[in-house]
Number of protein chains: 4
Amino acid sequence: MVEGSPLRADAQRNRARILDAAEAVFAEFGTRASTEEVARRAGLAIGTVFRHFPTKDDLLTAIMKRLLAQLVEDAGERDLFAFFGHAVAQAAAKKAAVDLLAGSGIDIRVPDALGHLSDAVGRLLTQAQDAGAVAASVRLPEVMALLASLCQGALHGGWDDHLQARTLAVVFAGLKGC
Amino acid sequence: MVEGSPLRADAQRNRARILDAAEAVFAEFGTRASTEEVARRAGLAIGTVFRHFPTKDDLLTAIMKRLLAQLVEDAGERDLFAFFGHAVAQAAAKKAAVDLLAGSGIDIRVPDALGHLSDAVGRLLTQAQDAGAVAASVRLPEVMALLASLCQGALHGGWDDHLQARTLAVVFAGLKGC
Amino acid sequence: MVEGSPLRADAQRNRARILDAAEAVFAEFGTRASTEEVARRAGLAIGTVFRHFPTKDDLLTAIMKRLLAQLVEDAGERDLFAFFGHAVAQAAAKKAAVDLLAGSGIDIRVPDALGHLSDAVGRLLTQAQDAGAVAASVRLPEVMALLASLCQGALHGGWDDHLQARTLAVVFAGLKGC
Amino acid sequence: MVEGSPLRADAQRNRARILDAAEAVFAEFGTRASTEEVARRAGLAIGTVFRHFPTKDDLLTAIMKRLLAQLVEDAGERDLFAFFGHAVAQAAAKKAAVDLLAGSGIDIRVPDALGHLSDAVGRLLTQAQDAGAVAASVRLPEVMALLASLCQGALHGGWDDHLQARTLAVVFAGLKGC
DNA sequence: CATGAATGAGGGTTCATTCAT
DNA sequence: TATGAATGAACCCTCATTCAT
C-alpha cells in the first residue's frame, strides 16, 4: 500500500521546512514576525506557506503542537526535576511557542496537546511523590503553573545557566516541601 | 527656567491622560492595540499623543517606567512575601506592562527603573533574611527571576486566587529554605 | 455655528475626489477594479481612500447612493418616457453603479435610496396614467423591472442612439397598452 | 487524422465534466468563483482544467458558447413569445453565462455563437410577423436588445413568476405594435 | 495525459508616523 | 500647541497559472 504519490514527499519536506523556518523566525522576532519572513527563511514562495497553513494561526498552532508533542516525549525520559530543567532550558529557544503557550494575542486551541503534556507531567509528579522527592501536598495545577511561569521567565529574562540553576533550586526546594 | 508656564500645565495633564489611557488600552488588548485607540480613550487627537511620545515605543517605555516606579513604592510598604503576592496579583491587570517587562517584540530599555525595583526588592530580601524568613543562601538575582516568572505566569495563565496561593506557597517554601 | 474645522474642507474635497474617481474607475473596469486604482485616479494615497471608506463595499455603496439620489432628482424634472430615455442613456456611463443596482456579487444595502427611486418613478407612472399615456393596468413593479432591465441592456449591449430609440419605442408601445 | 485515439475519449469526457462543473459553479457564485472550485466540483485536478482551457477566460468562453448553442436549439422549437419566456426563465439559472453575455469584466468574443442565436431569433421574428403576431416595423436588433435586457433584468432582479409574466406582457404588447 | 504542489503578483486592509491647518 | 487628515510601507491572504512528477 503505497499511500501518497511521489510528489507527496516534496510536500512533506516543504511542510517541515516551513515549520522549521517558522519556529526559528517566531523564536527570533516573536509571533509578530511576518509570514513572508517565514517563507523567505524557508526558501519558498509565500503561496506555498499558505497552501500548507491556510492561516497564520494555523501555522502557529502547528508549531505549538509540535513543541508540545516534543515536550511530552521529553517528559517520558526524565524525572520531574530534570524535566523542569529541560523545559526551562528549551524555552529560550522557543520564544514563539512559549508566547503561544501563554496565549498572548493569538487565539489558538491546542487543548489536546496541552492535555497530553499535563498528563505526562502528572505522571512525573506521581513518581516523584512516590519516591519522596516531592511533598505529598503538592498538586498538579501548581506544578503546571510553576512550569509555565519558569518557562516564560527563562524565555524573556535571558537567564544564564547559573541563574537558571539557582532559580530552579529555589522552586525545587519548595516542591520538596521542607 | 520657564518650567511652569500655563501651557505646561495642560501638557502635563495631557501626558497623564495619555499614560492612563495607554495603560488601560494595552492592558486590555495587548501591545498590538493601535495608538489611535489610545488617543480615542484619552479623548485626544492622535497628533497630541505623538507630540508627547514621538514613538509608540516611547509611550510603552513610559508606561513601563511608571509601573516599575509604582512597584518600587509598593515594595516599601510590604515584606518580601507580601510583595510577591502583590506583584503577582497586579500582573493580570497590567498585561501590557508585563509584556514589556518581558521584552516581547518591542525593544525597550528601562534599566534605571528596573534597577530601582531591584534595589527595593533587595532591601526586602535582606530584611526577610535578617528575620530568618528566607534562607541566607538565596540571592537577589534568583528572587528577581522568580518574581518576573510568576508575574508572567499569572498574567498569561489566568490563575484563580486559589491556584495563585498554592503556586506562591511552593515558591515561598523554597525561599524559606527548609 | 461653524460646525467643522477648516480641515474639514480638505477632507470633503478629497471625499468627493474619491467618489468621482471611483465612479470613473468602476465604470471603466467594473467593480473588480482595485481600490488602489481608485486612489491613483484620485491622486491620493491608498490610506486616504480607506480612511474615508473603511471598506471597498462602503465605497461602492456610497457611489450607488449618489447615483440613485441623482436619478431621483432627475425623475422630478421629466415625464415617465423621458425619464426612461434618460436613465438608459446614463447607464452606459455608470457601469459599476448599474452592476450594483443589479446586485452583482457585492452585497450592498441601499434600500432607502432604492425606495426613493421607486417612489419617484411611481409618481411619474401615476401622472402618465392620469394623462392617458400609459395603460391603467400597468403597475409599478413591472415598470421598475423594465427600467432596470433596459439599463442593464444598454450598459452591457453597447447600444447606439438609434438602437436605443427603437428598443425603447417597443417598450413604450407596450406601456401605452394598445 | 488521429482524432479518435482512446485517450481522446477520456479527454472528451473530462472536457464535458469541466464545462458542467464550471456552469454550476459560476451560476452559483458568479464568475469570481475560483477555477480551483470548478476543478473540485468536476472531481479533477486543477492542472487538468487548465490543460483543457488554458485560461479562465477560455473556460468562460466555452460555457458561453455552449449556452448560446443550446438557446439556438431551443429557439427552433418555439415561437418568438415562448422563446422570450424560455430565455428569461433560464437566465436566473445561468448567472455566469448571462454575466458573460453581458461582457461584464471578462473580455470574451463569441461572435459566431452570438450570430447563430441572432439568426435563430431572426427566423422566429419573421414567422411571427408573417403570422401577424408582431408589428412589421419591428426589426431584429431591437428584439435582440430586448431579449438581452430582459435576461439581465430577470437574472439580477430576482423576479418571481408573476412579475416576470407582467413584465413580459408589457414587452409583448409593444412588439405586437398596437 | 493527469496530478497537485509551487509560484508570485495583486488585492483589501491596518497603522505608525508626518504635516498642513 | 492641538488637531486630525494624509501618507505609504507592510501585512495577511487569494488565485490564475506553471511545471515537476
Side-chain angles (χ1 to χ4, degrees), chain A residues 4-15 32-39 42-59, chain B residues 5-8 10-11 14 32-40 44-59, chain C residues 4-15 32-39 42-59, chain D residues 5-8 10-11 14 32-40 44-59:
Chain A
S5 61
L7 270 194
R8 216 56 166 227
D10 260 42
Q12 293 281 1
R13 181 156 45 251
N14 279 345
R15 195 190 139 92
R32 289 161 80 138
S34 76
T35 310
E36 200 105 21
E37 178 60 33
V38 171
L44 294 168
I46 185 67
T48 304
V49 174
F50 277 95
R51 160 174 275 266
H52 283 274
F53 305 95
T55 280
K56 190 180 184 182
D57 275 18
D58 291 337
L59 177 54
Chain B
S5 69
L7 283 183
R8 213 51 160 220
D10 255 44
N14 279 348
R32 287 158 85 127
S34 75
T35 312
E36 196 102 30
E37 177 61 32
V38 171
R40 196 150 36 235
L44 295 167
I46 184 69
T48 304
V49 173
F50 273 90
R51 165 169 293 275
H52 282 275
F53 305 95
T55 278
K56 191 180 185 182
D57 277 15
D58 292 335
L59 176 55
Chain C
S5 61
L7 269 194
R8 215 58 165 227
D10 260 45
Q12 293 280 1
R13 182 156 45 251
N14 279 345
R15 196 192 139 91
R32 288 161 81 137
S34 76
T35 311
E36 200 105 21
E37 178 59 33
V38 171
L44 294 169
I46 183 67
T48 304
V49 174
F50 276 93
R51 161 174 275 265
H52 283 275
F53 304 95
T55 279
K56 190 180 185 181
D57 275 17
D58 291 336
L59 178 55
Chain D
S5 69
L7 282 184
R8 214 49 161 220
D10 255 43
N14 279 347
R32 286 159 86 126
S34 75
T35 312
E36 196 101 32
E37 177 60 32
V38 171
R40 197 150 36 234
L44 294 168
I46 183 68
T48 304
V49 173
F50 274 89
R51 165 169 293 274
H52 283 274
F53 305 95
T55 277
K56 191 181 184 179
D57 277 15
D58 292 335
L59 177 55

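Because the structure is predicted, anything quoted here is derived from the model rather than measured. Each chain gets a letter, A, B and so on, in the order the sequences are listed, and its residues count up from 1.
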Note to self: I want to confirm an ordering. Mapping Leu44(B) and Gly47(D) to their closest nucleotides on DNA chain F, which one lands closer to the 5' end?
What the structure shows: Leu44(B)

Minimum-distance nucleotide (side-chain atoms of [X] versus [options]):
X	options	result
Ile46(B)	dA16(E), dA5(E), dT18(E)	dT18(E)
Lys56(C)	dT7(E), dG4(F), dG12(E)	dG12(E)
Phe50(B)	dA16(E), dG4(E), dA5(F)	dA16(E)
Asn14(D)	dA2(E), dC11(F), dA2(F)	dA2(E)
Arg51(D)	dT18(F), dA16(E), dA2(E)	dA2(E)
Ala45(B)	dT3(F), dA5(E), dA16(E)	dT3(F)

Next item on the list: Identify the nucleotide, in any strand shown, that forms a Watson-Crick or G-U wobble pair with dA20(F), with both distances under 3.5 Å; if there is none, say none.
Entry: dT3(E)

Note to self: Taking the nucleotide of DNA chain E with the nearest heavy atom to each, does Glu36(C) or Val49(A) sit closer to the 5' end?
What the structure shows: Val49(A)

Notebook entry, point to check: Say you draw a straight line from CZ of Arg40(D) to OG1 of Thr35(D); how long is it, rounded to the nearest 0.5 Å?
Noted result: 11.0 Å

Expressed as a whole number of angstroms, how long is the span from [X]:[atom1] to [N]:[atom2]?
X	N	atom1	atom2	value
Gln12(C)	dA20(E)	CD	P	21 Å
Arg32(D)	dG11(E)	CZ	P	12 Å
Asp58(B)	dT18(E)	CG	P	11 Å
Arg40(D)	dC15(F)	CZ	P	10 Å
Phe53(B)	dA2(F)	CZ	C1'	15 Å
Leu59(D)	dT17(F)	CG	P	11 Å
Asp57(D)	dC15(F)	CG	P	16 Å

Check: Do side-chain atoms of Ser34(C) reach the backbone of Glu37(C) as a donor and acceptor pair under 3.5 angstrom?
Finding: yes

Check: Just checking Thr48(A): base, sugar-phosphate only, or nothing, at a heavy-atom cut-off of under 4.0 Å?
Finding: base

Can you give me the closest heavy-atom contact between [X] and [Y], atom names plus distance?
X	Y	value
His52(D)	Asn14(D)	NE2-CB, 3.7 Å
Phe53(A)	Arg15(A)	CE2-NH1, 3.5 Å
Ala39(B)	Val49(B)	CB-CG2, 3.7 Å

Margin query: Measuring to OP1 and OP2 of dC15(E), would you say a side-chain N or O of Thr35(B) lies under 4.0 angstrom away?
Written below: no

